[in-house]
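To start, the structure itself, in C-alpha cells.
Labels below follow one simple rule: chain letters A, B, ... track the order of the sequence lines, proteins then strands, and each chain is numbered from 1.
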Amino acid sequence: MMKIYNTLTHQKEDFKPIEPGKVRMYVCGLTTYDYCHIGHARMLVAFDVVVRYLRAIGYQVTYVRNITDIDDKIIRRASENGEGFGQLTERFIRYMHEDEAMLHVLPPDIEPRATGHIAGIITMVKTLIANGSAYAADNGDVYFSVPGFANYARLSRKHPDELLAGARIEIDETNKHDPRDFALWKSAKAGEPGWESPWGFGRPGWHIECSAMSTTCLGHTFDIHGGGSDLMFPHHDNEIAQSEAATGKHFVNLWMHNGPVRVNDEKMSKSLNNFFTVREVLKKYPAEVIRYFLVASHYRSFINYSEETLQISWDAVERFYHALKGLDTTGVIAALDTGYEARFHAAMQDDFNTPEAIGVLFELAREINRLRNEDAGKAASLAVLLRQLAGLLGLLESDPAEFLRTGSAVDPAAVESLLAQRLAARTAKNWAEADRIRDQLKALNVVVEDRNGVSGWRIERPVQD
RNA sequence: GGCUGGAUGGCAGAGUGGCCAUGCAGUGGACUGCAACUCCACGUACGCCGGUUCGAUUCCGACUCCAGCCUCCA
C-alpha cells in the first residue's frame, strides 16, 4: 500500500485514488520568463519520480503540469527586452523543454498554458461573481472576497485575523474590500497585453489560472496537487478558495509539496539573485549527477546545493557505474528473489523515500561487485535489477563506460593504442615502460584500471574548488 | 509576532523503543608487478533538561538553536 504525506492533514495517508487504478495529478509548473534554476529542477524531478513510480506500480496516471505564460513579470521582462511577451515565453518554454530532457524528466501528459485557457478563466470568474464570492472593482479589476470563504488558508493553517494584521496594503490594492482579497482579473494598463472580458481589457490573476486549468483538465475533484512548498501560501490556499467557491465541490484530496533548495546554506531565491540555472550546472556536472543529488534527499526536506554536495553525488553515481561496468547484461533477466527489490519498493511506498531506496541500491551494487568474479551470470542478473530499480528514479540510464568518460576531450582510439602498448610491456614484465605509459595517460586525465587481465580506462573528473 | 518543519558519527543523509542504514572521507587488511577499481574489518552518532518504560536517539513535556512561509518565487 502506497503511503503519501498529505500537506493538508500533516500526515502520511494510504493512497486511494478516486477512480481505482487511475491517478489524476496536477502540478504547478513554471512562469516562463527566465531560465530554469536548480529549484525548478528539484520540483520537476521530484514529481517526475512520483509519476514514474505510480506508473511502475500499475497506476494509469494523467499528469498535468501547467505553464504560466502571462503575468506581471513576463510583461515587464518583455518590455525591457523590447519584444512581445509571446516571443519571450516561447523562447523560455523551449529552453525549459530542453532542460527537462537533459535531466531525463518525462514530459507531462498535458501541459496547459494560461493563455490557452482565457475563456475558461473568464467563465470561472463570472461564476464567482454570480455566486457572491468575488466582486468587480471600478477600475476593471476583479477580486476574490476572502472573508466570504469559510476555512480560508486551511492548507497553510494561517489564522485569518493574523493575516489581516500582517497584510501589506499597497497603493494598487486600494480597490479591495478587504486586504486579504486577491485579484482574479487585472485590468490592463496602457500598452499592456490582454484579452477582452466582461470587466474590460485585462489578464487573469495568477491563482485563477491554476484553478481553471486543473478543473478543465482533471475535473472538479482530483487526486493529487503538487508544487513547491513556497507555493503553499498564498497560491495553493487561494486555488482551494477559488475552486471550491466556484464548483461547490471538494477540490483536491492530496497535496504534495517539495522542499526548497538552498545554495551554500543560504536561501536561494529570485530576489536574492543567488540562483543557479540548470544550464550552468549542467556545464559542470553530468545530468545524472544532478538528478542523483536531487533524489538523494527526501523530496520534502530542504537540500543544499554546493560544490561539495555535488562532488559527493558524482562519487556516488560513479560507484554505481563501476558496479555495472563490464557486465554483459544483454538478454539477461533480472534476479527476482533477492529481497533488494522488496526493500526498494517498501522504501518508495513509504512516501517516496528515495534516500532509503538508494541505500538499498548501494547494497545491491556491493553484491554485484562481490559476485562478479565468482558468478558472472548472477552478477549480470543483479545488474539488470539494479538498472531496473534505478530506472524508476530516472537514474543509471547511461552506458557505464561512456559515463565514466564524461567530459573527456581525449581521442578514445589514441587511448586504446597506448593501452595496447602498455599491455605488451606488461606481458614482457617491462614494468618501467608500463608505468611510463600509465603516467602518460594520467597526464591526459585518463585513469587505467586493470581487471582480470583486461585494462579499462576512465576519465579523472575535475574537482571543483 | 503567527504558521510549518528541523537539530543524527569528519561531511552528506535515512531510520528505529532494545540488533546493520547507506554514500564520501579516514584507519587496518585482501587483491594487484605497483597502482586504480573492488572486497573484508573498524569508529562508544543521535541539541539540552525532565518524564513514561525493564530499556529512548526513537514516545510525552519544557528549553535552546536553526530554517521556510506570512512579499515575486519550485
Can you figure out which of [options] approaches the side chain of [X] most closely?
X: A:I312; options: B:A12, B:G2, B:A14; answer: B:A12
X: A:S297; options: B:C11, B:A14, B:G2; answer: B:A14
X: A:W431; options: B:C69, B:U4, B:G33; answer: B:G33

Using whole Å, what does the distance between atom [atom2] of nucleotide [N] and atom [atom1] of [X] come to?
X: A:L294; N: B:A12; atom1: CG; atom2: P; result: 17 Å
X: A:F233; N: B:C73; atom1: CZ; atom2: P; result: 12 Å
X: A:L361; N: B:G23; atom1: CG; atom2: P; result: 11 Å

Close residues, [range], relative to RNA chain B [heavy-atom separation under 4.0 Å]:
range: residues 39-54 of chain A; value: A:G39, A:H40, A:M43
range: residues 365-400 of chain A; value: A:R366, A:N369, A:R370
range: residues 342-355 of chain A; value: A:N353, A:P355

Is the distance between the ring centroids of A:Y33 and A:F92 under 6.0 Å?
no

Euclidean distance for P, B:C42 against B:G17 (whole angstrom)
25 Å

Charged N to carboxylate O under 4.0 angstrom, A:K284 versus A:E307?
yes

Test side-chain contact (heavy atoms from CB on, under 4.5 Å) applied to A:E367 - qualifying residues, sequence neighbours left out:
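A:E367: side-chain contact (heavy atoms from CB on, under 4.5 Å) contacts with A:Y340, A:R370, A:L371, A:L382.
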
Per the ring-ring contact (aromatic ring centres under 6.0 Å, His included) rule, what does the pair list look like for residues 362-392 of chain A, sequence neighbours excluded?
A:F320-A:F362

Hey, does the side-chain of [X] have a donor or acceptor N/O within less than 3.5 Å of a partner on the base of [N]?
X: A:R438; N: B:A35; value: yes
X: A:D450; N: B:A35; value: yes
X: A:K73; N: B:C73; value: no

I'd like to check the side chain to side chain donor-acceptor pair (under 3.5 Å) partners of A:W457; sequence neighbours left out, ordered by chain and number.
A:E416

